[in-house]
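Report on one structure; see the data block that follows.
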Amino acid sequence: MARAGRITTAHSSFETPIFMPVGTQGTVKSVHQHELKNDIDAPVILGNTYHLYLRPGTDVISEVGGLHKFMNWNRSILTDSGGYQVFSLSDNRKLTGEGASFRSHIDGSKHLFTPENVVDIQRIIGADIIMAFDECTPWPCDQSYASSSLDLTHHWLDRGWDHFRNSEPKYGYSQSFFPIVQGSIFPELRKISAEKIALLGAEGNAIGGLSVGEPVEDMYNMIEVVNVILPADKPRYLMGVGTPVNILESIERGVDMFDCVMPTRNGRNGMLFTSNGIINIRNRKWMKDFSPIDEPGHSIVDMQYSKAYLRHLIMAGELLGGQIATMHNLAFYLWLVREAFNQIMKDEFMPWKAKMVKELSMRL
RNA sequence: GGGGAGAUACCAAAGUGGCCAACUGGGGCAGACUGUAAAUCUGCUGUCGUACGACUUCGGAGGUUCGAAUCCUUCUCUCCCCA
């Protein structure tokens with residue numbers, strides 16, 4: 001069931017449901033922190049442990065006093081643990097009881113991530129929310145693989161959780177630790193995982209291993225299975241999701257936090273999400289459409305530039321094109337979750353959502 | 001006036017007797033993208049057809065050959081060098 005809430009960290013306080021732009025390498029690609037704050041008004045963004053550990057490295061981030069200072073971002077940061085890279089860079093890694101040994105995609109050098117040192121790295125980064133080190137299970141996978149993968153993730157979770165509680169923040173403000181439910185698309189496994197995680201009493205809980213290629217219905221089913229178990233008084237974070245429709249469907253099922261590369265990456269590739277539907281701005285039909293990118297518009301770019309101009313920029317490979325598209329998409333995503341909050345507060349979420357889902361999936 | 005090089009699809013450019021409806025790049029058209037190795041990747045791009053395929057193409061005209069973008073004749077045009 002859809003809920004509205006509030007999360008407060010050392011760096012910001014914000015209402016949920018919330019969408020968190022992905023800023024893997026200490027930047028939300030193509031937008032300034034200034035725009036992220038003043039135009040898009042994102043209260044929290046992501047960083048990535050794997051990428052920041054490899055480059056610029058923990059010595060740099062440690063010396064400057066954390067990622068907030070390094071990138072000049074004084075709102076919240078959540079760091080992914082590198083569990084997703086265990087999945088997406090799987091050709092370069094090996095999983096052991098100890099952790100994940102892997103080769104850098106940058107220079108081939110060998111490294112080992114353990115549930116403990118991944119917490120340490122996130123302490124150094126200074127993330128407001130630290131994610132547990134997990135294996136993001138690939139899809140498809142059979143139940144026996146999913147089961148042993150889950151055992152590994154749980155084993156890592158126990159160690160990471162212990163280490164988190166026995167270590168101190170480096171910069172004088174508190175950090176939270178979110179465990180991650182896995183179990184692929186098997187309800188029994190998801191249940192086991194959610195029950196284990198509910199018992200930890202963490203400040204928030206995440207659902208991982210979804211939107212990796214499985215049918216959306218499976219994803220929604222898993223969310224339902226898990227959310228009856230995860231504590232109702234703690235935020236629930238669905239990792240890596242998703243399309244605007246995915247987000248509304250998940251909010252309906254009791255999810256509070258989201259992140260996804262879609263608004264940024266797809267935006268750079270010419271895909272715009274609007275309240276009227278999805279636009280591929282590269283399509284010829286926009287060539288002479290001089291109407292605003294999106295009316296009424298949730299970002300300053302929406303009313304200031306036309307579809308035809310944005311199409312021209314993207315077609316010409318101009319950097320400003322990716323920038324405008326990203327700003328539009330992020331502002332739209334943030335508007336969407338803000339509006340979801342408003343509708344929940346008015347107790348009108350369900351009819352609003354039904355109407356939105358219809359429009360959001362249109363191809364314009 | 002003399003000498004030389006060349007004309008290939010939207011553009012550039014390979015191909016110099018059959019494996020050519022024609023390499024490759026660009027451009028164009030469309031698609032993909034879900035805790036970012038992505039401002040990336042994929043497909044199509046003569047006509048008709050879903051496809052097997054059929055048909056018309058390599059400056060124009062004619063010829064040689066079983067077979068020509070490729071060889072010959074001729075015409076037109078372009079570029080370079082010397083005067």
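Each chain gets a letter, A, B and so on, in the order its sequence line appears, and its residues count up from 1.
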The test is side chain to side chain contact (heavy atoms under 4.5 Å, CB included); show your working for A:I106 and A:R55 and say whether it passes.
CA-CA 9 Å; A:I106 299 166; A:R55 186 167 54 192; 3.7 Å; yes
Output one letter per nucleotide in nucleotides 25-33 of chain B: B when a protein non-hydrogen atom lies under 4.0 Å from the base, S when only the sugar-phosphate is that close, - when neither is.
---SSBBBB
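- Judged by Watson-Crick or G-U wobble contacts below 3.5 Å, the nucleotide B:A61 has B:U73 as its partner.
- Shown here, B:G31 forms a base pair with B:C41; the pair counts as Watson-Crick or G-U wobble because both key distances fall under 3.5 Å.
- Counting only residues at least two apart or on different chains, the ring-ring contact (aromatic ring centres under 6.0 Å, His included) pairs with a member in residues 78-109 of chain A are A:Y50-A:F102, A:Y50-A:H105, A:H51-A:H105, A:Y84-A:F87, A:F102-A:H111, A:F102-A:F113.
- Between the base of B:U36 and the side chain of A:T264 there is a donor-acceptor pair shorter than 3.5 Å.
- Only A:V22, A:T24, A:K29, listed by number, bring a heavy atom of residues 9-32 of chain A to less than 4.0 angstrom from any atom of RNA chain B.
- Distance A:D107 CG to B:A37 P: 16 Å, rounded to the nearest Å.
- By the 30° and 60° cut-offs, the orientation of the rings of A:F349 relative to A:W352 is tilted.
- Across all strands shown, A:Q85 has heavy atoms under 4.0 Å from sugar-phosphate atoms exclusively, and none from any base.
- Within 4.0 Å (heavy atoms only), A:L89 reaches at least one base atom of the nucleic acid.
- Between A:I281 atom CD1 and A:I293 atom CD1 the span is 7.0 Å, to the nearest 0.5 Å.
- Each salt bridge (Lys or Arg N to Asp or Glu O under 4.0 Å) pair with one or both residues in residues 56-71 of chain A, not counting sequence neighbours, would appear here, but there are none.
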Could you go through residues 27-34 of chain A and list every donor-acceptor pair under 3.5 Å that involves a side-chain atom there, pairing it with any protein atom two or more places apart or in another chain?
{"unit_1": "A:S30", "atom_1": "OG", "unit_2": "A:T326", "atom_2": "OG1", "d": "3.2"}
{"unit_1": "A:Q33", "atom_1": "NE2", "unit_2": "A:M71", "atom_2": "O", "d": "2.7"}
{"unit_1": "A:H34", "atom_1": "NE2", "unit_2": "A:N38", "atom_2": "ND2", "d": "3.3"}

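- Note on A:N92: a base of the nucleic acid sits closer than 4.0 angstrom, heavy atoms only.
- Nucleotide B:U78 has B:A5 as its partner under the Watson-Crick or G-U criteria, with both atom distances under 3.5 Å.
- For the pair A:D41 and A:R75, the salt-bridge criterion is met [side-chain N within less than 4.0 Å of a carboxylate O].
- Remark: A:D134 in residues 121-134 of chain A come within less than 4.0 Å of RNA chain B through at least one heavy atom.
- Residues that satisfy the side-chain contact (heavy atoms from CB on, under 4.5 Å) test with A:R253, not counting sequence neighbours, are A:Y220, A:I223, A:E224, A:E249.
- If you check residues 323-341 of chain A against RNA chain B, you find no residue with a heavy atom closer than 4.0 Å.
- The side-chain hydrogen bond (donor to acceptor under 3.5 Å, both in side chains) search around A:D289 returns A:S291, not counting sequence neighbours.
- Taking the side chain as every heavy atom from C-beta outward, A:Y53 and A:S104 never approach each other to under 4.5 Å.
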Distances under 3.5 Å only, N/O to N/O: pair up the protein atoms with those of nucleotides 10-12 of chain B.
none

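- Within 4.0 Å of A:I314, counting heavy atoms only, lies no atom of the nucleic acid at all.
- The partner of B:A13 cannot be assigned: no Watson-Crick or G-U wobble pair with both contacts below 3.5 Å exists in any strand.
- With a cut-off of 3.5 Å on both pairing distances, B:G67 has no Watson-Crick or G-U wobble partner at all.
- When Watson-Crick and G-U wobble pairs are counted only if both distances are under 3.5 Å, B:A83 pairs with no nucleotide at all.
- Taking every heavy atom of residues 214-252 of chain A and every atom of RNA chain B, pairs under 4.0 Å involve A:M239, A:G240, A:V241, A:G242, A:T243, A:N246, by number.
- Residues meeting the side-chain hydrogen bond (donor to acceptor under 3.5 Å, both in side chains) test with A:Q85, sequence neighbours left out: A:N48.
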